[in-house]
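Okay, structure first, notes after.
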Amino acid sequence: MPELPEVETMRSGLAAVVGRRIESVEVPRGRLRPIAMRPSARSLAARLKGCRIGGVERHGKRISILIDGLPGTQRRWLVIEPRMTGLLLVAEPPTAEHVRLRLRFSGRDRGELIFWDRRGLGTVRLLDAAGLERACGPESLGPDALAISPDALRERLGRSSREVKVALLDQRAVAGIGNLYAAEMLFVAGIDPRTRCCRMGRARWHRLHAAMQEVLAEAVRLEGSTLSDATYRTALNEPGRYQMRHRVYGRDGLPCGECGDQIRRIVQAQRSTFFCPRCQRRSRGAA
DNA sequence: CGTTCAACCTGGGCGC
DNA sequence: TGCGCCCAGGTTGAAC
């Protein structure tokens, strides 16, 4: 479930291939249904060959790779959405079967960039500047969760009648948060995930913002969360280490590390939410 | 403005 | 051993 920390780890891992020239492009075909790729695999391969990797950026849970050296002066970006099980690797992938795109580099350094995706829900698109703006600009994504100010967070969500856990997953409001980290930051902030945004005062928004920064920064430092299904790996095909720090996610029925009460699982907007009913009471704190 | 539901996929875990 | 079923959750789009 690549969220901000996992995608940020992919981005920093990909810094190793910036400046390299693409010698060949491979889109393996197997028994699996091809993933969404625009333009077609064949055309993508033809256009990328001989180009250079100009840079790598993260936009919420998406990655853009600047492609230099296409004919003409216009720049293009390879925009990749890992969605549920997509990985960007500069090392051998977990299995050969689910490799969706492989760029081989030329020159002294050689090496490869691989997009691997077990479930195939991810997408790969080659976009021009306007397309990049549409896919990753403010009409699709709000401010990054690691860059937003406390007041901007409150400004963007504070009037909503939605439950705060559901609202945190809205990428147009704030970008990068998914199901796992939403649960973790609400626990750290001591906020009931069912609280309506418009019922939260300034103090609680600031507490949520502080928890957001703390949880995401620590998860980035530990290179994301590799769950028991072991899907997510770093760009070097190593597991993340933030799963050891999970306080509520995936822990229903287990005792809360703070108070010892049982952690509960509920469903909000068709997604699991994990929380501690005692540590995350609606009225906890001054509010 | 909002919610709900289905769809896209594969594979791990479970009950039988 | 194996089959059928449920579940994981990012994103989009339709229906209401």
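Order of the sequence lines sets the chain letters (A, B, ...), proteins ahead of strands, with each chain counted from 1.
Mapping A/Arg159 and A/Gln270 onto DNA chain B by nearest heavy atom places A/Arg159 closer to the 5' end of the strand. For the pair A/Arg62 and A/Arg118, both in contact range of DNA chain C, the more 5′-proximal nearest nucleotide belongs to A/Arg118.
Residue-to-nucleotide contacts include a donor-acceptor pair under 3.5 Å from the side chain of A/Arg119 to the base of C/dA8. For A/Arg271 against B/dT4, a side-chain-to-base donor-acceptor contact under 3.5 Å is absent.
Pairing for B/dG15 is with C/dC3, a Watson-Crick or G-U wobble pair whose two hydrogen-bonding atom distances lie under 3.5 Å.
A salt bridge does not link A/Lys165 with A/Asp192: every distance from a Lys NZ or Arg NE/NH1/NH2 to an Asp or Glu carboxylate oxygen is 4.0 Å or more. Checked for salt-bridge contact, A/Arg194 and A/Glu163 miss the test: no charged N lies under 4.0 Å from a carboxylate O. Ion pairing of A/Arg134 with A/Glu139 is absent here, as no side-chain N (NZ or NE/NH1/NH2) approaches a carboxylate O to less than 4.0 Å.
Heavy atoms of A/Gly178 sit under 4.0 angstrom from primed sugar atoms or phosphate atoms, though from no base atom. Backbone-only engagement by A/Ser161 is indicated by non-hydrogen atom pairs under 4.0 Å involving sugar-phosphate atoms exclusively. A/Arg31 comes within contact range of the sugar-phosphate backbone alone, with a heavy-atom separation under 4.0 Å but no base atom that close.
Contact check, A/Tyr249 against C/dG9: a side-chain N or O comes under 4.0 Å of OP1 or OP2. Here A/Ser160 reaches the OP1 or OP2 of B/dG2: one of its side-chain N or O atoms lies under 4.0 Å away. For the pair A/Ser272 and C/dA8, the criterion of a side-chain N or O lying under 4.0 Å from OP1 or OP2 is met.
Rounded to a whole Å, the CZ atom of A/Arg156 is 12 Å from the P atom of B/dC1. Atoms NE2 (A/His98) and P (B/dT10) sit 7 Å apart, rounded to a whole Å.
Of the candidate nucleotides C/dG10, B/dT10, B/dG11, B/dT10 has the atom nearest to the side chain of A/Leu32.
Between A/Glu3 and A/Tyr232, the side chains place no donor N or O within less than 3.5 Å of an acceptor N or O (distance only, hydrogens not considered).
Tracing side-chain contacts under 4.5 Å through hydrophobic residues (I, L, V, M, F, W, Y), one reaches A/Ile177 starting from A/Leu146; they form part of the same cluster.
Spacing between B/dC5 and C/dC6 at atom P, rounded to whole Å, works out to 16 Å.
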